[in-house]
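Working notes for the structure below.
Each residue takes its place number in the sequence, starting with 1. Whatever order the structure lists ligands and atoms in, that order sets their numbers, starting from 1. Owing to the predicted nature of the structure, the values given are computational and were not obtained by experimental measurement. Values below: all heavy atoms of this structure, side chains included; hydrogens, waters and symmetry mates excluded.
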Amino acid sequence: SSIKTGLNLLYNIKINKMEHQVQETFSMPRIGEKAPQFKAVTTQGEINFPSDYQGKWSILFSHPADFTPVCTSEFMTFAHLQEKFRKANCELVGLSVDGLYSHIAWLRTIKEKIEFNGMKDIEVTFPLIEDITMEVAKKYGMIQPGESNTKAVRAVFFVDPKGIIRAIIYYPLSIGRNFDELYRALIAMQTTDEFGVATPADWRPGDDVIVPTAGSCGVAKERMEDKENLDCKDWFFCTKKLDEKEIYSKLIKD
Ligand code: BEZ
């Protein structure tokens, strides 16, 4: 029975450790909050996030590990689209729980050997954070123990020019992200900021936008008279035209 007590003790210590780990790793920043500050070593030198990106949008994204196929396809796609994001005033910052030398070797292999979706000879020039201690990954809730204790899930944080988190998207380890959606979401957020509108389901630039409901039903009903500018189906559902060219001329810098 003393062996049994010993085993029980060990078991309890393990459970306590696991509970402690879950509590420790599962903090998560939220939309509308300041992006947690950190300093990190990257493949492009040291960065301070989000302060180095003040005045720009940034996308901080995590991936599970270097030298893995889904991550490789994602990195190539992001690198291919980097200029497109940059023209929309948005910088990319990647993170994985691997070390700097692994990152460098992986990115070199991608450039030298990997072809995917018609892309080859792809150079990744945006910073890739080394996070072997998982300090940043834990701060941003990128470690989700139900999925993995040691690998970051595929998290995407959109941070605005004031350093505020504006959108968060999470994907599991086995599914590569949809980069059209990341760009669409970025342009939608910039459009809502610039034009004071909201965007409906599946919106793309050129589609009608939603004019947010005025404070009270009475005031909102008055809008229904404005047939020249608004198309109101009821007091709470009004849309208007917003020209694609107007959006791009405001948001995209060539
Ligand atoms: C991948 O990137 O291929 C991958 C990484 C971790 C788990 C599953 C797939």
Lys151 N/O under 3.5 Å from ligand 1 N/O: no
Closest to atom 1 (C) of ligand 1 (judged by heavy-atom distance), picking from Val153, Val70, Asp66: Val70
Aromatic contact, Phe85 with Trp57 (centres under 6.0 Å): no
Cationic tip of Lys39 above Phe49 ring, under 6.0 Å, 45° of axis: no
4.0 Å heavy-atom contact, Glu147 with ligand 1: no
Short N-O contact, Lys111 and Asp121, less than 4.0 angstrom: yes
Reported CZ-to-OG1 distance for the pair Phe116 and Thr77, which is rounded to 0.5 angstrom: 5.0 Å
Distance filter under 4.0 Å to Arg154 heavy atoms, resulting ligand 1 atoms: 1 (C), 2 (O), 4 (C), 5 (C)
Structural part of Cys71 in contact with ligand 1, heavy atom criterion under 4.0 angstrom: both
Distance, nearest 0.5 Å, that separates OG1 of Thr68 from CD of Glu74: 8.5 Å
Whether Phe126 and Phe78 hold their rings parallel, tilted or perpendicular, with breakpoints at 30° and 60°: perpendicular
Pro69 touching ligand 1 at heavy-atom level, < 4.0 angstrom: yes
For atom 6 (C) of ligand 1, the protein heavy atom that lies nearest, with its residue and separation: Pro64 CB, 3.8 Å
Nearest non-hydrogen protein atom, atom 9 (C) of ligand 1: Leu173 O, 3.8 Å
